[in-house]
Amino acid sequence: AVAIAAVGSLALTPPLLFRSVLETVQRGYLVRAALLIQSLLITALSLWWVWAGWGLVGMAAASIAGMAVGALLWRIWAGRFLPQWRGTAPARLPLGEIWNFNWPLVVAMAGNQINQLTDNTVVGVVLGPAAVTGFALTQALPLLAGARLTDIGAVSWAALGELRQRDHAAFSARIVELAAAVLGVGLVLMALVGSFTPAFVRL
């Protein structure tokens with residue numbers, strides 16, 4: 001399982017270029033659509049292959065299969081924005097400039113990983129190691145729903161920024177509408193998810 005995950009992750013790192021292209025040309029909704037398809041596919045394949053008896057190897061393979069589909073979608077959707085990408089010379093960026101761009105992302109990603117590890121560690125210490133698996137599984141559905149809600153704001157900023165330049169009054173009205181929609185949908189969706197995962201609520 002570790003070998004599948006490691007080799008697959010390395011092989012699927014280059015396609016992140018196409019995700020960056022979609023983000024740069026303000027097609028973040030395509031990035032999120034691929035991530036949603038990827039998440040659903042990984043979940044479905046994981047359940048199927050674990051049920052078939054493949055265990056951790058099945059889960060690792062499901063993750064790589066889902067990531068591969070997501071990467072393929074990014075490649076297809078970004079293709080029209082990169083007609084000559086194979087012949088394009090690489091940009092010359094000083095190492096210091098690259099570090100200035102990336103260190104906030106490194107800190108944020110490290111914080112997220114520490115946060116996840118801390119949650120699992122506390123659950124393991126208080127409730128025992130066996131509870132960690134249940135805790136992780138019961139978090140999966142609420143986290144998936146919460147991530148999709150976050151994506152609504154993430155894919156809206158470009159259009160809102162353009163609207164702000166054209167009509168400030170309309171921009172203000174749309175901000176209020178967007179916030180109300182996300183809040184309303186979030187309350188209903190998370191309440192629904194919580195009602196179907198009482199184990200998560202108890203934890």
Taken to the nearest 0.5 Å, the spacing of R32 CZ from L30 CG works out to 10.5 Å

ask   = Is L178 linked to L183 within one hydrophobic cluster, defined over Ile, Leu, Val, Met, Phe, Trp and Tyr using a side-chain heavy-atom separation of less than 4.5 Å?
value = no

CG of L35 to CZ of R19, rounded to nearest 0.5 Å, is 5.0 Å

With hydrophobic residues grouped by side-chain heavy-atom distances under 4.5 Å, do L72 and I37 end up in a single group?
-> yes

Q. Taking a hydrophobic cluster as the set of Ile, Leu, Val, Met, Phe, Trp and Tyr residues connected by side-chain heavy atoms closer than 4.5 Å, whether directly or through intermediates, do L45 and V7 fall within one such cluster?
A. no

When rounded to the nearest 0.5 Å, the distance separating CZ of R75 from CG of L82 is 7.5 Å

Residue set satisfying side-chain contact (heavy atoms from CB on, under 4.5 Å) with L189, at least two apart, ordered chain then number -> A145, L149, V193

Under 4.5 Å between side-chain heavy atoms, counting indirect links through other Ile/Leu/Val/Met/Phe/Trp/Tyr residues: same cluster for V21 and Y29 or not?
yes

Got I175 and F171 here, is their nearest side-chain heavy-atom distance under 4.5 Å?
yes

Please output the side-chain donor-acceptor pairs of residues 46-69 that fall under 3.5 Å, not counting sequence neighbours, one pair per line with the distance.
from : atom 1 : to  : atom 2 : distance (Å)
S46  : OG     : I42 : O      : 2.7
S63  : OG     : M59 : O      : 3.1

What one should report as the nearest heavy-atom pair of A5 and S9 is O-OG, 2.7 Å

d(L16 CG, W74 CH2) to nearest 0.5 Å is 6.0 Å

Rounded to the nearest 0.5 Å, the CZ atom of R166 sits from the CG atom of L163 at a distance of 8.0 Å

Verify same cluster id: L160, V185 (apolar side-chain graph, 4.5 Å) | yes

d(L73 CG, F18 CZ) to nearest 0.5 Å is 12.5 Å

